[in-house]
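Contents: one structure, followed by commentary.
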Amino acid sequence: MAVDLLLGLQWGDEGKGKIVDVLTKNYDIIARFQGGPNAGHTLEFDGIKHVLHTIPSGIFHENAVNLVGNGVVIDPVIFKKELDNLSKFEGDFTKKLLISRKAHLILPTHRLLDAASEASKGKAKIGSTLKGIGPTYMDKTGRNGIRVGDLEMKNWSEKYRALANKHEAMIDFYDVDMQYDLAELEADFFEAVEVLKSLQFIDSEEYLHQAQRSNKTILAEGAQGSLLDIDFGTYPFVTSSNTTAAGACTGLGVAPGKIKEVFGIFKAYTTRVGSGPFPTELFDSYGETMGRVGNEFGATTGRPRRCGWLDLVALKYAVQVNGVTQLMMMKGDVLSGFDKLKVCTAYKYKGEIIEHLPYNIEAENVTPIYTEMKGWKEDLTKMTDVSQLPEALNNYIGYLEKELEVPIKIVSVGPDRTQTIHR
Ligand code: IMP
């Protein structure tokens, strides 16, 4: 049985959580494959808003198993908070939550290192969520990390101490002014580790292999977006994992040939939180309206998101790198009332017009070239059927489909599960 993938195509915050929640009824297993609590996946139904950071977005459906894959990094403290939040709702969520033994742990000192590294960079800082993501993946690739499976070993606390001591020396090396009480952070950490240990740890690649053999349906859930990919994103202003399709193979142990549909999620405009280049960023009333109406604040950090027009050059790149087979357009409702819409179709780059994403998209090298389109006035949020969509929106969608050469199968018209139009 094939595995489907669901990925964000921009700089994250496209609305992946909502779509996973909508699609979960079609799947037996939802498997998160990379990132960590830097993500904030927002789901809304029955008038309640839920924000998940590490737990897959299929958790609210009775029948789906939710798996945290080996490519994910887990902070036990945040994980425990997520579980505490879930305990307010009916049902035992822990029964359908499985954790890969090969997932790496975020230690309190990873978070401190993240903060020290950012502070040392001054103006050049990445704008990290400060959840310890970079330092944890560095320890993973440096072959120093502590994995979930280590918690089952007797000597894990010795391993922990050795790594934490090393981190403390590294924090001193940064020579930045940082106050912290490690003993207090560790008390929370060890308490949360005990909670984590009450969950089921599994050899997840074997579990997924057997699931495929017995014809189970699997949806792999990504976090962040393609332009934050460690290889293909706007480096160094990226996260530390492969957010693109290949990340699902390494983050779950799924073979490339087993992947069938690749669902690409994008917003009808563009946002970015944190530092880094953003060619179509707006500093005018259009950008301000997108931010206000779209409630564009980071679900993890609360930071305001930068807003801008849709960038087709970047979106085409993401479609190509991921091999997207179906697109899903989010937040079209936020653009209702705009007299005009602009879509960036090419860049002026070093005096030339180019239609591909170049190595460097810093503002001094790249000027976006736009196509202007008519906006729509209608409120989309109550619409339930494709026949109700205004003509100008249909033109916008049609134009994007033609340019991207991939069908747009879902148009989301609001944050709630029910505000989803299938085409
Ligand atoms: P880190 O992954 O926390 O180190 O952050 C690196 C960059 O990725 C920063 O610009 C963050 O704002 C951005 N980032 C990380 N996770 C997310 C996310 O889930 N949504 C949007 N941006 C993110």
Side-chain angles (χ1 to χ4, degrees), residues 6-20 32-43 50-57 71-75 77-78 82 104 106-107 110-121 123-141 221-244 247 251 265-267 269-278 281 290-291 294-308 314 318 330-331 361-362:
L6 186 136
L7 310 154
L9 299 181
Q10 295 158 316
W11 278 289
D13 308 316
E14 296 89 355
K16 296 173 289 293
K18 168 181 165 162
I19 296 298
V20 174
R32 171 88 180 264
F33 64 83
Q34 47 69 232
N38 48 349
H41 292 169
T42 308
L43 287 64
H50 307 267
V51 181
L52 298 168
H53 299 287
T54 324
I55 295 176
S57 307
V72 177
V73 289
I74 301 175
D75 183 334
V77 178
I78 297 181
E82 286 188 70
H104 279 246
I106 302 176
L107 312 186
H110 281 131
R111 269 186 277 136
L112 296 171
L113 270 174
D114 212 357
S117 163
E118 282 286 78
S120 73
K121 285 189 168 141
K123 278 198 181 135
K125 70 175 186 179
I126 307 294
S128 161
T129 61
L130 302 180
K131 302 293 176 198
I133 305 299
T136 307
Y137 279 113
M138 276 165 70
D139 271 337
K140 175 178 177 173
T141 52
E221 176 187 20
Q224 291 86 44
S226 299
L227 301 176
L228 288 172
D229 183 279
I230 184 73
D231 283 283
F232 299 107
T234 46
Y235 192 89
F237 301 99
V238 292
T239 191
S240 299
S241 59
N242 280 117
T243 58
T244 46
I265 318 288
F266 71 102
K267 273 183 199 165
Y269 49 97
T270 310
T271 63
R272 167 160 213 174
V273 62
S275 328
F278 180 177
E281 184 170 9
M290 289 168 186
N295 193 25
E296 297 294 357
F297 295 92
T300 296
T301 58
R303 292 178 292 178
R305 297 178 185 140
R306 301 151 65 190
C307 298
M330 314 300 287
K331 289 198 155 178
I361 59 163
E362 295 289 345

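We count ligands from 1, going down the list as the structure has it; atoms in each ligand are counted the same way. In this chain, numbering begins with 1 at the start of the sequence shown. Predicted, not measured: the structure shown is a model, and the values here were computed from it. Excluded from the calculations below are hydrogen atoms, water molecules and symmetry mates; all remaining heavy atoms, backbone and side chain alike, are included.
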### Task
Among Asp229, Thr129, Asn38, find the one that has a side chain to side chain donor-acceptor pair (under 3.5 Å) with Gln224.
Asn38
### Message
Checking Ser57 against Arg32: is there a side-chain donor and acceptor pair closer than 3.5 Å?
### Response
no
### Query
Who gets closest to atom 11 (C) of ligand 1 by heavy atom: Gly298, Gly274, Gly127?
Gly127
#### Entry: ligand 1 contact by Ala223, heavy-atom criterion under 4.0 angstrom
no
### Query
With backbone taken as N, CA, C and O and side chain as the heavy atoms from C-beta onward, which portion of Asp114 lies under 4.0 Å from ligand 1: side chain, backbone, both, or neither?
neither
### Task
Check each heavy atom of Asn38 against ligand 1 and say whether those closer than 4.0 Å belong to the side chain, the backbone, both or neither.
both
### Query
Do any nitrogen or oxygen atoms of Ser240 lie less than 3.5 angstrom from nitrogen or oxygen atoms of ligand 1?
no
## Note on the structure
Quick look: Arg303 vs ligand 1, heavy-atom contacts under 4.0 Å, and the answer is side chain
### Query
Nearest heavy atom to atom 19 (O) of ligand 1: which of Pro236, Ala39, Gly8 does it belong to?
Ala39
### Query
Has Arg305 got any heavy atom lying under 4.0 angstrom from an atom of ligand 1?
no
### Salt-bridge present (Arg305, Glu281; N to O < 4.0 Å)
no
### Task
Just go through Thr239, Ile230, Ile126, Leu228 and tell me whose heavy atom is the nearest to atom 14 (N) of ligand 1.
Leu228
### Message
Would Leu6 and Lys16 count as a side chain to side chain contact (heavy atoms under 4.5 Å, CB included) here? Give the steps.
### Response
CA-CA 7 Å; Leu6 186 136; Lys16 296 173 289 293; 3.7 Å; yes
### Query
Ion pair present between Glu296 and Arg303, side-chain N to carboxylate O less than 4.0 angstrom?
no
### Query
What residue among His41, Lys131, Glu82 forms side chain to side chain donor-acceptor pair (under 3.5 Å) with Thr54?
Glu82
### Query
Do any N/O atoms on Val273 end up under 3.5 angstrom from N/O atoms on ligand 1?
yes
### Task
Answer with yes or no whether Lys131 contacts ligand 1, where contact means a heavy atom under 4.0 Å from a ligand atom.
no
### Task
Check if Thr301 has a non-hydrogen atom at a distance under 4.0 Å from any atom of ligand 1.
no
### Message
Once you restrict to heavy atoms under 4.0 Å, what part of Phe237 touches ligand 1? Side chain, backbone, both or neither.
### Response
neither
### Query
Is any N or O atom of Arg272, backbone or side chain, closer than 3.5 Å to an N or O atom of ligand 1?
no
